[in-house]
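A quick write-up on the structure given underneath.
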2 protein chains.
Amino acid sequence: MANSKLYKGSLNTIILKLLDEGGRMYGYEITQKVKEITKGELKITEGALYPALHKLEAEGLLVVEVAKVDNRLRKYYKLTEQGVKEKTNRLVELEDFIRNMEQLVNPKWTIN
Amino acid sequence: MANSKLYKGSLNTIILKLLDEGGRMYGYEITQKVKEITKGELKITEGALYPALHKLEAEGLLVVEVAKVDNRLRKYYKLTEQGVKEKTNRLVELEDFIRNMEQLVNPKWTIN
DNA sequence: TCTTATGCATAAGAAAATTATGTATATTTA
DNA sequence: TAAATATACATAATTTTCTTATGCATAAGA
């Protein structure tokens, strides 16, 4: 995914959130959107993305809809009802994670 | 490490930062410190911590110093000069990561 | 005395990524 | 127009990092 190992584990959260915003997106579109938003700092690799999409679909969080545009295949994914709920959970987890990491590396106050 | 997969990849950064603050710490102490700072939300497992410490030592980022306290063994770790540099790098990566994630899940502004 | 806390360690397995491929069409550039 | 790049999907082998399950040993508390 990136030069930094920190992104490990965050791909699903990113996918769910982008699909929540975008309504429906296809794989390649997701890679481009992420690159755009992070100004090229985060590049989702295909080897990570496609298996992740398949897994989320198998878990019932996404549904796929195949389309043909300009004679090329596209698989549009969108959140299921369950996917929307899971997205919310993941975002809460992300907020908790960030808060804890901030606290660990840049403690605002200390007891001792 | 935690209920959330997001922490994957962040252990080394946490270790380096805590050692930078604490001067020198031993493994068990690190687990307790992390638990304390995150109010029990993040628990470093021994199966993750000890191999990580050994690896950081093998990479030359840490040095170990064995001590015996109350007839029990302790292995104090501290940053090497290289470890201090690496700590700085990791913290920059962490800041970038957090900034990118914030931007992805909670974009402040959009172009379109 | 039994449980919990302290303190280290490793091995087997799972999860999630990287890296390397593979296929195919469309568009841009030299 | 030929070659390179962009678009669009996919999977397999390997690596990294963690969880889970052990194991050993001493100290302290119930």
Side-chain angles (χ1 to χ4, degrees), chain A residues 1-16 24-36 40 42-59 61-62 64-77 90 93-94 97 101, chain B residues 1-16 22 24-36 40 42-59 61-62 64-77 90 93-94 97 100-101:
Chain A
M1 262 177 107
N3 31 336
S4 170
K5 293 161 189 171
L6 294 167
Y7 293 92
K8 217 174 258 277
S10 62
L11 180 55
N12 286 346
T13 303
I14 293 171
I15 292 173
L16 292 176
R24 65 171 210 177
M25 298 178 80
Y26 56 100
Y28 186 76
E29 187 183 8
I30 292 175
T31 67
Q32 299 308 302
K33 191 73 181 172
V34 167
K35 207 194 293 182
E36 177 202 324
L42 177 52
K43 289 170 188 170
I44 307 290
T45 62
E46 297 159 300
L49 178 65
Y50 292 114
L53 287 172
H54 299 162
K55 188 152 181 280
L56 289 172
E57 189 195 350
E59 289 168 352
L61 304 183
L62 305 184
V64 68
E65 186 189 332
V66 180
K68 199 154 198 176
V69 178
D70 286 336
N71 206 34
R72 265 198 253 94
L73 195 72
R74 278 186 191 175
K75 291 195 172 178
Y76 282 98
Y77 290 90
R90 299 296 179 98
E93 279 183 4
L94 180 63
F97 166 71
M101 290 302 289
Chain B
M1 265 175 103
N3 32 336
S4 169
K5 294 161 189 169
L6 293 166
Y7 293 92
K8 212 175 261 277
S10 61
L11 180 56
N12 286 346
T13 303
I14 293 171
I15 292 172
L16 293 175
R24 66 171 207 177
M25 297 178 82
Y26 56 99
Y28 186 76
E29 189 183 6
I30 292 176
T31 67
Q32 300 308 302
K33 192 73 181 170
V34 167
K35 207 194 291 183
E36 177 202 323
L42 178 51
K43 289 170 187 170
I44 307 290
T45 63
E46 297 159 300
L49 178 65
Y50 292 115
L53 287 172
H54 300 161
K55 187 153 182 281
L56 289 172
E57 188 195 351
E59 288 169 354
L61 304 184
L62 305 184
V64 69
E65 185 190 333
V66 179
K68 199 155 197 175
V69 179
D70 286 336
N71 206 34
R72 263 198 254 93
L73 195 72
R74 277 186 192 174
K75 291 196 173 177
Y76 282 98
Y77 290 91
R90 298 294 178 98
E93 278 183 6
L94 180 62
F97 167 71
N100 281 329
M101 289 303 289

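In what follows, chains carry the letters A, B, and so on, assigned in the order in which the sequence lines appear, proteins first and then strands, with residues in each chain numbered from 1.
One distance of note links CG of A/Asn12 with CG of A/Leu53; it measures 9.0 Å at 0.5 Å rounding.
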Report task. Kindly determine whether A/Ser10 and B/Phe97 satisfy side-chain contact (heavy atoms from CB on, under 4.5 Å), including the steps that lead there. Result -> CA-CA 10 Å; A/Ser10 62; B/Phe97 167 71; 4.2 Å; yes

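The CG-P distance, from A/Leu49 to C/dA20, rounds to 19 Å in whole Å. The distance between atom OH of A/Tyr77 and atom C1' of D/dA10, rounded to the nearest whole Å, is 10 Å. Rounded to whole Å, the distance from CG on B/Leu6 to P on C/dA16 is 11 Å. Note: CZ (A/Phe97) to C1' (D/dC18) measures 14 Å, nearest angstrom. Rounding to whole angstrom units, OH of residue B/Tyr7 and P of C/dA14 are separated by 25 Å. A straight line from CE of A/Met25 to C1' of D/dC9 spans 16 Å, rounded to a whole angstrom.
For D/dA28, the paired nucleotide is C/dT3, the pair qualifying as Watson-Crick or G-U wobble because both relevant distances are below 3.5 Å.
Shown here are the side-chain contact (heavy atoms from CB on, under 4.5 Å) partners of B/Arg74, two or more places apart in sequence or in another chain: B/Tyr26, B/Val69, B/Tyr76. Qualifying ring-ring contact (aromatic ring centres under 6.0 Å, His included) partners for B/Tyr77, counting only residues two or more places apart in sequence or in other chains: none. Residues passing the side-chain contact (heavy atoms from CB on, under 4.5 Å) test with B/Gln32, sequence neighbours excluded: B/Tyr28, B/Lys35. Partners of B/Glu65 by side-chain hydrogen bond (donor to acceptor under 3.5 Å, both in side chains), not counting sequence neighbours, listed by chain and number: B/Arg24.
Listed pair B/Lys5 / C/dA17 fails the phosphate criterion, with no side-chain N or O lying under 4.0 Å from OP1 or OP2.
Side-chain contact check for B/Leu56 versus B/Glu59: some heavy-atom pair is nearer than 4.5 Å. Contact annotation: the side chain of B/Met101 approaches that of A/Leu94 to within less than 4.5 Å [non-hydrogen atoms, C-beta and beyond].
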Please produce a list of atom pairs where a protein N or O lies less than 3.5 Å from an N or O of nucleotides 11-15 of chain D.
unit_1: D/dT11; atom_1: OP2; unit_2: A/His54; atom_2: ND1; d: 3.4

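Taking a 4.0 Å limit (strictly below) on heavy-atom distances, residues 67-75 of chain A reaches DNA chain D at A/Arg72, A/Leu73, A/Arg74, A/Lys75.
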